[in-house]
Chemist: 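For reference, the structure I am asking about is given below.
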Number of protein chains: 2
Amino acid sequence: MPDGRGDWDGELVPDERGRAARPEPDCPVEIALAAVAGRWTTLVLRELMHGPHSYSDLCERLPDISAKVLAERLRVLEHRGLLTHERLRGFPVRTRYQLTPAGQALRPLLIELYRTGVAVDTALGQRTVATADAGRASR
Amino acid sequence: MPDGRGDWDGELVPDERGRAARPEPDCPVEIALAAVAGRWTTLVLRELMHGPHSYSDLCERLPDISAKVLAERLRVLEHRGLLTHERLRGFPVRTRYQLTPAGQALRPLLIELYRTGVAVDTALGQRTVATADAGRASR
DNA sequence: CCGCATCCGATTGGATACTG
DNA sequence: CAGTATCCAATCGGATGCGG
């Protein structure tokens with residue numbers, strides 16, 4: 001075996017890029033994680049998933065995000081090719097943020113994140129009942 | 001509408017917990033993100049997905065992770081109920097880290113992260129080609 | 001073998017104030 | 001309306017060294 005390990009799980013690690021021994025930026029898992037990383041990012045993506053929005057649209061729908069962080073998230077998402085922005089002429093000025101196909105490709109991931117969160121929650125609930133003292137190791 | 005919005009996407013936001021206007025710790029998406037958050041975390045999970053491992057097993061398979069970070073990841077994952085550890089008697093001492101059912105519930109998410117990373121990559125490749133054309137045509 | 005303690009540079013995200 | 005600029009406290013992750 002090239003990497004000295006023959007016990008890879010083909011479902012979990014379908015090809016060579018998933019066998020990295022360290023976090024590599026070109027590993028698909030890292031690419032996906034980077035796309036949704038950072039506080040507020042998934043919420044911004046959620047809003048953009050149902051169509052283009054202006055900056056102030058996003059501010060309204062996410063009232064507690066600061067201008068700095070929102071601008072930063074949009075900048076990074078654009079830099080990664082996940083969205084584009086377009087300045088619309090007229091007054092007042094508006095900007096239209098819109099997901100690219102690459103950005104829309106994140107939709108199944110958001111759905112899976114939600115589903116997994118529910119599944120973990122459920123499993124923890126079961127565990128609390130099943131092994132009532134297993135989770136109290138930390139302090 | 002309770003929240004003044006009737007345009008929620010039922011696939012993306014199946015229930016009330018996904019409609020938060022801010023990152024809430026009890027939102028399923030946040031729960032799942034928290035589980036895989038942090039550098040090295042998905043790699044540690046990947047290793048534990050195919051069975052229990054000792055601390056030094058993990059060190060060997062992830063040679064570049066520092067002891068501090070590995071211990072920290074294991075501590076947090078345990079605190080979240082995603083794994084358990086068990087000290088095995090004998091010499092030398094060994095510790096057995098093992099995923100709980102809640103931890104195993106992360107498997108589909110890891111698979112989806114990989115799949116999404118590939119999809120984003122592919123879409124970006126397409127876009128480079130597509131916008132290269134569009135750019136020539138429109139500009 | 002299995003970690004924890006400490007130090008430290010870098011990054012993060014929030015608050016506030018200001019501009020085209 | 002759509003952001004930028006600056007400051008700041010908190011967290012993160014890596015390195016090193018030590019203890020059970």
Side-chain angles (χ1 to χ4, degrees), chain A residues 20-25 27 30 33-45 47-48 52-80 83-98 137-139, chain B residues 20-25 27 29-30 33-45 47-48 52-80 83-98:
Chain A
R22 317 184 322 161
E24 303 283 358
C27 169
E30 297 292 325
L33 277 175
V36 298
R39 201 156 130 87
W40 295 100
T41 303
T42 54
L43 294 177
V44 172
L45 289 171
E47 297 307 321
L48 291 174
H53 290 279
S54 70
Y55 187 88
S56 52
D57 281 347
L58 294 170
C59 282
E60 274 174 40
R61 295 169 106 109
L62 304 171
D64 297 340
I65 190 174
S66 74
K68 178 198 171 185
V69 172
L70 177 54
E72 164 75 10
R73 294 294 176 264
L74 293 170
R75 202 181 315 136
V76 171
L77 290 171
E78 177 163 24
H79 181 247
R80 292 187 187 280
L83 62 81
T84 58
H85 79 277
E86 176 190 5
R87 308 191 87 93
L88 305 179
R89 53 176 238 88
F91 187 83
V93 181
R94 291 213 160 234
T95 309
R96 179 187 165 93
Y97 290 93
Q98 184 172 211
S138 59
R139 71 204 54 171
Chain B
R22 318 184 323 160
E24 303 283 359
C27 168
V29 173
E30 296 292 325
L33 277 176
V36 298
R39 203 156 127 87
W40 295 99
T41 303
T42 54
L43 294 177
V44 172
L45 289 171
E47 296 307 320
L48 291 174
H53 290 281
S54 69
Y55 187 88
S56 52
D57 281 346
L58 294 170
C59 281
E60 273 175 40
R61 296 169 106 109
L62 304 171
D64 297 340
I65 190 174
S66 74
K68 178 199 170 184
V69 173
L70 177 54
E72 164 75 9
R73 293 295 175 265
L74 293 170
R75 203 181 317 136
V76 171
L77 289 171
E78 176 163 24
H79 181 245
R80 292 186 187 281
L83 63 79
T84 58
H85 80 278
E86 175 191 5
R87 307 191 87 92
L88 305 178
R89 52 180 245 93
F91 187 82
V93 180
R94 290 211 162 233
T95 309
R96 179 187 166 93
Y97 290 93
Q98 185 172 211

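In what follows, chains are A, B, ... by sequence order, proteins preceding strands, each numbered from 1. Computation of the quantities below employed the complete heavy-atom set of this structure, encompassing side-chain atoms and omitting hydrogens, waters and symmetry-equivalent molecules.
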Chemist: In whole Å, what is the span from the NE2 atom of A:His85 to the C1' atom of D:dC1?
Modeler: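 Going from A:His85 (NE2) to D:dC1 (C1'), I get 14 Å.
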Chemist: A:Arg75 has an atom CZ; how far is it from atom P of D:dA2, in whole Å?
Modeler: 16 Å
Chemist: Can you check the B:Leu70 CG to D:dG13 C1' distance for me, whole Å?
Modeler: 13 Å
Chemist: Report, as a single string ordered 5' to 3', how protein heavy atoms within less than 4.0 Å touch nucleotides 11-20 of chain C: B base, S sugar-phosphate only, - not at all.
Modeler: --BBB-----
Chemist: Would you mind reading off the distance between B:Glu86 atom CD and C:dC1 atom P, rounded to a whole angstrom?
Modeler: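 Whole-Å distance recorded here is 19 Å.
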Chemist: Given salt bridge (charged side-chain N to carboxylate O under 4.0 Å, His left out), test B:Arg75 with B:Glu78 step by step and report yes or no.
Modeler: CA-CA 5 Å; B:Arg75 203 181 317 136; B:Glu78 176 163 24; over 6 Å; no
Chemist: Counting C-beta onward and ignoring hydrogens, is there a side-chain heavy-atom pair between A:Tyr97 and A:Val44 closer than 4.5 Å?
Modeler: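 Contact flag for A:Tyr97/A:Val44 side chains = no.
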Chemist: What distance do A:Arg96 atom CZ and A:His53 atom NE2 have between them, rounded to the nearest 0.5 Å?
Modeler: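 Reported value, rounded in 0.5 Å steps: 10.0 Å.
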Chemist: What distance do B:Leu74 atom CG and B:Thr41 atom OG1 have between them, rounded to the nearest 0.5 Å?
Modeler: 9.5 Å
Chemist: Sequence neighbours excluded, which residues qualify as side chain to side chain contact (heavy atoms under 4.5 Å, CB included) partners of A:Arg94?
Modeler: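 Side chain to side chain contact (heavy atoms under 4.5 Å, CB included) check on A:Arg94 returns A:Ser54, A:Ser56, A:Asp57, A:Leu88.
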Chemist: Could you provide the dot-bracket string of DNA chain C, using ( ) for intrastrand pairs, [ ] for crossing pairs and | for bases paired to another strand, with Watson-Crick or G-U pairs below 3.5 Å?
Modeler: |.||||||||||||||||||
Chemist: So B:Leu58 and B:Ile65, do their side chains get closer than 4.5 Å, heavy atoms only?
Modeler: no
Chemist: C:dC2 P sits how many Å from B:Arg96 CZ, rounded?
Modeler: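 It is 13 Å, rounded to the nearest whole Å.
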Chemist: Please determine, for the side chain of A:Pro92, which listed nucleotide (D:dC1, D:dG3, C:dG3) has the closest atom?
Modeler: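 That would be D:dC1.
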Chemist: Of all the nucleotides listed (D:dT4, C:dC2, D:dA2), which has the minimum atom distance to the side chain of B:Arg94?
Modeler: C:dC2
Chemist: So, is B:Ser54 near the phosphate of C:dC1, with a side-chain N or O under 4.0 Å from OP1 or OP2?
Modeler: no
Chemist: For B:Tyr97 and C:dG3, is the shortest distance between a side-chain N/O and OP1 or OP2 below 4.0 Å?
Modeler: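 For C:dG3, OP1 or OP2 has a side-chain N or O of B:Tyr97 closer than 4.0 Å.
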Chemist: Can you tell if the side chain of A:Leu45 reaches within under 4.5 Å of the side chain of A:Arg73, non-hydrogen atoms only?
Modeler: no
Chemist: Tell me the interatomic distance from B:Arg87, atom CZ, to C:dC4, atom C1', rounded to whole angstroms.
Modeler: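 Checked: the CZ to C1' distance equals 12 Å.
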Chemist: Find the distance B:Leu62:CG to C:dC2:P and express it as a whole number of Å.
Modeler: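 Computing the B:Leu62:CG to C:dC2:P distance gives 14 Å.
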Chemist: Does B:Thr42 form a side-chain contact (heavy atoms from CB on, under 4.5 Å) with A:Glu30? I'd like the steps, not just the answer.
Modeler: CA-CA 9 Å; B:Thr42 54; A:Glu30 297 292 325; 4.0 Å; yes
Chemist: Between C1' on D:dC1 and CZ on A:Phe91, what's the gap in Å once rounded to a whole number?
Modeler: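 Result: 8 Å.
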Chemist: Is B:Thr95 near enough to C:dG3 that one of its side-chain N or O atoms lies under 4.0 angstrom from OP1 or OP2?
Modeler: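 Looking at the OP1 and OP2 atoms of C:dG3, one of them is under 4.0 Å from a side-chain N or O of B:Thr95.
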Chemist: What closest approach, in Å, do B:Glu24 and B:Ala20 show between heavy atoms, and which atom pair accounts for it?
Modeler: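 That would be CG-CB, 3.6 Å.
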